[in-house]
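Heavy atoms only: backbone and side chains are in, while hydrogens, waters and symmetry mates are out.
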Amino acid sequence: MITREEIANVLDQPVYDGDGNKIGDAKHVFFDDMTGRPEWVSVKTGMFGGAESFVPIRDAAMVQDHLEVPYGKDQVKGAPSVDVDAGGHLSETEEHRLYDYYGINWDSVLSEAERTDDGRSAAGTGTAGTAGAAGAAGAAGAAGAAGAAGLAGTTGAAGTAGGRTGREDAGRREGMRGDEAMTRSEEQMRIGVERHESGRARLRKYVVTEEVQQTVPITHEEVRVVREPITDANRDEALAGPEISEAEHEVTLHAERAVVETETVPVERVRMTTEELTENETVRGQVRKERIEAETESFTEGETKHPRDDKRRGGK
């Protein structure tokens, strides 16, 4: 179980489930109004936004530099959204919803709160009801310390034991320091980038058939009759045969024709590369800032100061 003294080591630290999966970062711790013990931790699960899920801190443990909870990452992210009032409290209804979601018996929570309350009434009388207010202000004391601060007007605010839970933010104890000064803080937006797949590109090779036309010269032989007169030079050859006879002389003719053949040859190499282009993107978000106001009270002679007196405000 996480103690009040360990709160400063819990907040803004990573939160992991039992399987070693990171869920998010611890942002706020909520205390039980009656016992003053840490009861819930809110875990910021979104990278840019303010998504927070509530997780019981009773069975959590600090392991080295992170908080480990006995619930799975998906279960924590799926926890019901609850509203926290302006005083930094969870209502009894909201807390009941969370206990049911995590399978924690509500009656056992009440019994445990009564056993730890040193016999104080479960109805939240006296100063017990102001423990949540002390948690929201970051006070280190339990219910009795809240009563000593003069918050008697909130008697019975707890209702049923464990019914309301107060918050201590960022492990910081506000309140008045020894030098009577407050620290004013504000959130700053930190923007990161994440890399994700935006698409795929591929090279695909396929075969197409094209018609190709080319002109080539071809030759063929044709018969041409050549007649020569008888001369002294060819007279002997002309008179070598019979005087009158029949004869045949055959000549073989030749012609060329086009023959098509194909062969495969490499013509080019094709590959893909990637290049990174940088462009500006405007990101908007919300941050919270603290404001400090001075409150003054005026009394006439003979009047006594009472927590419910009207107050005048002035300055920041």
Side-chain angles (χ1 to χ4, degrees), residues 2 4-31 38-86 88 90 94 97-98 101-102 135-136 138 165-174 182-202 272-292:
I2 302 299
R4 295 186 67 97
E5 290 73 18
E6 294 178 293
I7 298 303
N9 299 327
V10 170
L11 293 163
D12 291 328
Q13 297 300 319
V15 180
Y16 287 78
D17 63 12
D19 296 328
N21 302 311
K22 182 178 178 180
I23 303 173
D25 296 321
K27 300 308 295 182
H28 306 101
V29 171
F30 289 73
F31 296 87
E39 194 71 19
W40 300 94
V41 59
S42 67
V43 181
K44 181 180 179 183
T45 58
M47 177 174 290
F48 301 112
E52 292 187 27
S53 300
F54 281 72
V55 189
I57 203 173
R58 55 174 55 203
D59 296 323
M62 284 299 296
V63 180
Q64 295 179 350
D65 59 346
H66 66 270
L67 181 69
E68 186 172 297
V69 297
Y71 304 100
K73 179 178 180 179
D74 293 338
Q75 183 179 9
V76 173
K77 284 192 168 186
S81 300
V82 297
D83 294 327
V84 179
D85 62 24
L90 291 175
E94 300 283 27
R97 287 177 58 207
L98 288 171
Y101 177 76
Y102 285 103
T165 307
R167 179 181 72 192
E168 179 169 336
D169 292 340
R172 172 172 48 80
R173 291 175 166 78
E174 291 181 336
M182 287 184 178
T183 298
R184 188 183 71 83
S185 301
E186 64 184 36
E187 295 179 338
Q188 295 182 347
M189 188 166 65
R190 291 182 296 182
I191 301 174
V193 296
E194 62 178 2
R195 194 175 185 88
H196 65 94
E197 289 188 2
S198 61
R200 294 181 182 273
R202 63 178 60 87
M272 288 194 305
T273 62
T274 61
E275 61 179 359
E276 290 189 352
L277 304 178
T278 302
E279 57 186 18
N280 296 325
E281 180 178 346
T282 301
V283 179
R284 292 182 174 84
Q286 293 182 343
V287 296
R288 297 179 300 170
K289 297 182 179 181
E290 295 178 336
R291 294 289 185 262
I292 299 177

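Separation of atoms CD1 (Ile23) and CD (Glu68) is listed at 9.5 Å; rounding is to 0.5 Å. Taken from NZ in Lys77 to OG in Ser53, the straight-line distance is 8.5 Å, to the nearest 0.5 Å. The line from CZ of Arg288 to CD of Gln188 is 14.0 Å long, rounded to the nearest 0.5 Å.
In plain terms, the two heavy atoms of Met62 and Val10 that are nearest each other are SD-CG2, 3.8 Å. Heavy atoms only, all atoms of each residue included: Ile292 and Met182 are closest at CD1-CB, 3.8 Å.
Residues Gln13 and His66 form no side-chain contact, since every pair of their non-hydrogen atoms from C-beta on lies 4.5 Å or further apart. You'll find the side chain of Val76 reaches within 4.5 Å of the side chain of Tyr102, heavy atoms only. Side-chain contact between Trp40 and His28 is absent, with no heavy-atom pair separated by less than 4.5 Å. When side chains are defined from C-beta on, Asp12 counts as touching Lys27, because their heavy atoms get closer than 4.5 Å.
Residues that satisfy the side-chain contact (heavy atoms from CB on, under 4.5 Å) test with Asp65, not counting sequence neighbours, are absent from this structure. Remark: Arg202 pairs with no residue by the salt bridge (Lys or Arg N to Asp or Glu O under 4.0 Å) rule, at least two apart or across chains. Every residue two or more places apart in sequence or in another chain that forms a side-chain contact (heavy atoms from CB on, under 4.5 Å) with Glu186 is listed here: Arg184, Lys289. Residues satisfying the side-chain contact (heavy atoms from CB on, under 4.5 Å) test with Ala60, not counting sequence neighbours, are Ile2, Ile57, Leu67, Val69. Take Pro80 and apply the side-chain contact (heavy atoms from CB on, under 4.5 Å) test, not counting sequence neighbours, and it matches Arg97, Leu98, Tyr101.
Every pair passing side-chain hydrogen bond (donor to acceptor under 3.5 Å, both in side chains) that includes a residue from residues 15-26 is listed here, sequence neighbours excluded: Asp17-Asn21.
Using a distance-only test at 3.5 Å, with no hydrogens or angles considered, no donor-acceptor pair links the side chain of Glu39 to the main chain of Phe31.
Using cut-offs of 30° and 60° on the angle between ring planes, the pair Phe54 and Phe30 is tilted.
We find that Lys44 and Glu52 are not joined by a salt bridge, their nearest charged nitrogen and carboxylate oxygen being 4.0 Å or further apart.
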